[in-house]
Amino acid sequence: MATVNELKSFDLVGVLDSCTDWVDQIVPEDTPFLNGLDKSDHTSNSFAWVQDINDDLADNVVDGSTEGGVAPGTAIQDGTKSDQTERLNYAQIFRKFVTITDTAEATAVHGRKSETEYQLEKAITSLKNQIESTFLSAQEKRKATPSLTALTDGVLAQIPADCVVEGAIDAANVETLIQKLFENGSHADTIFTNVAGAKAFKALVDANGGSLAMTEFVKRGDREFEIERFAFTDSNGRVYEIVVSRHLNKTFPDAPAAYFFNKKDFSCVVFRDIKIVRLSKTGSTSRYLVEGEYGLRHNGRYKAGAIVAPKP
């Protein structure tokens, strides 16, 4: 677990303010997808947006002469309207409850200054893991009803069907997908995969005598560190960072699976940011509600792809 600062951004009395800054410091290495997303506020738990469809390569060839240019005196022609796709998704409620007895709070356990801080940190860690798992899942959206809660579309549900390759992570399927993304102007630079997928990528790299590591310099405060990333280079020379996610392993526990995308093409829609609310006390027990409401938005079209096992 990442080191967390003491609770200083809010007072544990009544309804607490948003603790976003504190939350972002918790398990960033375990929720790299969520932590890497831009966040946008929304005033409704349903949200719609327009996805532009990239031009096909054939649209970039100019007609009009044998040389491919426009001949002098060519008649004016009717224009075309760029296709757009409207998408709809919902924000999903993520919730945890925490109860702490006065005795536990007053007792110094293994050097912890505050049992409340520790338990709230654990609750937020669990909540963030839930969000990461949901966003990386194959879950499909569902509108809230009096008897059902709203669900948000995961990554796979927001990738066009013709950018989803069903089969093994092998040279042929990887080539098919990267060429599809390349031709549609995708800037995918990250591959999220499960354990079986990581082994498949390693086998591909080993078969071609390549290297799995790429060196990167990162700054933390005033210090710079040299780190190695698990990487894969495609036939076009594009380098992808490979992230092996246990959350994707939860969705695809058996067969290899991988998402190809650029995290900048996704964003997190925040209907209600994570807040900690102190509930009414019962006897000598303090109770807290930790809750947020989030949805996932894929801002582009044909900018992400996936290789997954065929549906049974």
Side-chain angles (χ1 to χ4, degrees), residues 1-4 18-42 47 49 51 87 89 91-92 94 124-139 152-159 163 181 186-194 197-198 201 213-221 224-232 238-252 257-271 273-274 292-306:
M1 183 178 296
T3 301
V4 180
S18 173
C19 49
T20 304
D21 293 340
W22 185 62
V23 169
D24 285 344
Q25 298 177 57
I26 299 177
V27 292
E29 67 282 355
D30 203 31
T31 55
F33 183 66
L34 176 62
N35 277 68
L37 296 179
D38 289 332
K39 295 180 175 64
S40 60
D41 295 332
H42 208 268
F47 50 96
W49 72 101
Q51 287 184 324
R87 296 296 302 264
N89 203 3
Q92 178 174 333
F94 298 91
I124 292 174
T125 297
S126 178
L127 208 67
K128 288 189 68 178
N129 283 325
Q130 287 180 13
I131 299 169
E132 183 89 352
S133 287
T134 300
F135 280 4
L136 290 176
S137 74
Q139 176 176 284
T152 193
D153 268 338
V155 168
L156 190 60
Q158 300 193 50
I159 295 177
C163 284
L181 295 176
S186 170
H187 297 286
D189 60 2
T190 305
I191 299 172
F192 267 70
T193 189
N194 59 356
F201 280 109
M214 67 175 180
T215 301
E216 182 180 347
F217 288 93
V218 296
K219 291 197 70 174
R220 294 172 185 169
E224 189 173 60
F225 297 84
E226 182 179 353
I227 60 175
E228 285 191 342
R229 299 289 194 187
F230 184 18
F232 173 78
R238 182 182 293 274
V239 178
Y240 300 81
E241 178 184 357
I242 295 181
V243 179
V244 186
S245 170
R246 66 187 181 94
H247 300 287
L248 196 61
N249 213 63
K250 177 181 177 182
T251 302
F252 302 99
Y259 298 153
F260 292 61
F261 56 71
N262 188 313
K263 280 183 282 190
K264 293 180 180 179
D265 292 327
F266 287 89
S267 60
C268 176
V269 174
V270 180
F271 178 44
D273 215 337
I274 292 179
E293 199 163 352
Y294 295 86
L296 182 65
R297 178 169 61 200
H298 184 200
N299 304 317
R301 187 72 171 162
Y302 298 106
K303 290 188 175 183

Going by heavy atoms in the side chains, are [X] and [Y] under 4.5 Å from each other?
X	Y	value
Leu127	Ile274	yes
Phe33	Tyr259	no
His247	Asp30	yes
Leu296	Leu37	yes
Lys39	Val269	no
Ser186	Asn262	no

So which heavy atom on [X] is nearest to which on [Y], and how close?
X	Y	answer
Ala257	Asn194	N-OD1, 3.1 Å
Ser267	Asn299	OG-OD1, 3.5 Å
Tyr294	Phe94	O-CE1, 4.1 Å

Apply side-chain hydrogen bond (donor to acceptor under 3.5 Å, both in side chains) to [X] and list each qualifying residue two or more places apart in sequence or on a separate chain.
X	value
Asn89	Thr152
Thr134	none
His298	none

> Taking the six-membered ring for Trp, is the centroid-to-centroid distance between Phe232 and Phe201 below 6.0 Å?
Replying inline: yes
> If you measure from the Lys or Arg side-chain nitrogens to the Asp or Glu carboxylate oxygens, is any gap between Asp38 and Lys263 under 4.0 Å?
Replying inline: no
